[in-house]
Every structure is written in C-alpha cells, then in structure tokens.
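Reading through the structure tokens given below for one structure.
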Amino acid sequence: MEFEVVRSLRALHSAIARHRHGPLNSAASLAIVPTMGAIHEAHEQLIVEAKKHADIVMASIFVNPKQFAKNEDLNKYPKSEEQDIQKLKDRGCDIVFIPEINLMYPDDFDLTIDVPNLSSVLCGKSRPHHFQGVATVVAKLLLQSNADYAIFGEKDFQQLLIIKTLVKSLNISCKIVEIGTVRNKEGLAISSRNAYLSEKNRKIANEINII
Ligand code: PAF
C-alpha cells in the first residue's frame, strides 16, 4: 500500500480504511505512534515496536500547544516536517497524520481531560497544566484514529502512567505498549530537547544519566 501523509480527519479515516481493506483485510490492526515531530532514533524505535504489534502503523506529528505553559518553548520547539516524514516513511510507517491546529482545537473547543492524582505530583508540580494538555491530546488522537495499539516510551514515565489511566478510565479500546528508554552511546536518553543543550551541558547530562 502507498505511504500517505494526511492532514484532515476525513483524509485520515479514508487512509486507514484503504489500508485496512488493502492487501490485508478489514481485520488488519492499526498502531499509532503519537509524536510532536523532530523525529529521532527513539521515535524510530517506537515505529519498529509498532510494526511488531500491528499490520498498519501510523504516526502523528502535532506540537500540542496545550501541554506548554506560557513561559515554555512552544515557539522554539524544533520543527523538521519534511525530514520527519522521510524518516517515518523509511522506518516503514504507513500513514503520517499532521493535523491542523483548528482540527485539534477549534475556537469553541472546551474540554480538559485531567488525571488529577498522577498529574499533580513530580513534574506536574512545576508544570501544573502540562499533563492535562497531554491527556487531552492523546485522548483525541486515540479516538480519531481508533487505533488498536499506541506506543510510548518509558522515558516519559509519568506521562505513560497517565495515559494508561486515561485509557482505562474512558474504556478506550486501545492497548498501550511501552518501550524502554532509548539512549545515545554515552547513556543520555534521546530527546528532541537535547538539541537545546550546549556542548558543555551535554557533557554534564551524559554524566548524570541513570542506566
Ligand atoms: O511525548 C510526546 O512527544 C508528547 O507528549 C505526546 C505524547 C506526543 C503528546 O503530545
């Protein structure tokens, strides 16, 4: 089947239907790998894992404004759409969903999903709305795609627990699959935000990782 990049819900649903009814059959399973782009080796490992579980693999690229506080890096978050699409395609992704902002959050959007106990501790203390933003967008992506599997990394362990709770509480029929933290050869967890590290800070970060 042809690799497809889709930007609307209608296009996403027809791409999924084409793949489900393609050379496979309507029982073909779908896995989603939600991302904010700036695709790197750790995302690629999520795609590799997705392919072990499902017949069809889609990734989403959406820099979700609701998970950034006003003083955070939304405007400078690394963007590399063309390269991202190529990397996802090369790893065997079938569909890349790049929703427009007003598809995710139209002007009259008025919903926040909260997993209050897990969201208010640890990182949630210093980023009070972050996990609400994550839970809200992940719920939307899982429902929009109706994926059978969703793959996340253990690097964001608190996020992973919140997503598992969200899926269980809303009875979303999607199995959450986790993969271990992907690290560089020095042991630093691979993250899009490593691009912000100066050479000096990268050396320090390499030394303080826990393996
Ligand atoms: O882990 C991330 O990249 C994001 O928090 C996610 C899960 C794609 C939601 O925007």
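A quick note: this is a predicted structure, and the numbers were derived from the prediction, not measured. Start at 1 and go down the list; that is how both ligands and their atoms are numbered.
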> For ligand 1, which atoms have a heavy atom of Val137 less than 4.0 angstrom away?
Replying inline: 9 (C), 10 (O)
> Does the ring of Tyr196 carry Lys76 above it, NZ/CZ under 6.0 angstrom from centre and within 45° of its axis?
Replying inline: yes
> In the protein, which heavy atom is nearest to atom 5 (O) of ligand 1, and how far is it?
Replying inline: Gln159 OE1, 2.7 Å
> Does Ile56 belong to the same Ile/Leu/Val/Met/Phe/Trp/Tyr cluster as Ile176, with side-chain heavy atoms less than 4.5 Å apart forming each link?
Replying inline: yes
> atom 9 (C) of ligand 1: which protein heavy atom is closest, and how many Å away?
Replying inline: Gln67 OE1, 3.3 Å
> Can you tell me which residue and heavy atom of the protein come closest to atom 3 (O) of ligand 1, and the distance to 0.1 Å?
Replying inline: Met36 CG, 3.8 Å
> Taking Lys51 for the side chain and Gly92 for the main chain, is one N or O donor matched with an acceptor at less than 3.5 Å?
Replying inline: yes
>> Could you check whether Glu4 pairs with Arg18 (Lys NZ or Arg NE/NH1/NH2 to Asp/Glu carboxylate O, under 4.0 Å)?
In response: yes
> How many angstroms lie between OG in Ser120 and CD in Gln132, if you round to the nearest 0.5 Å?
Replying inline: 10.0 Å
> Purely on distance, is any nitrogen or oxygen of Thr35 under 3.5 Å from one on ligand 1?
Replying inline: no
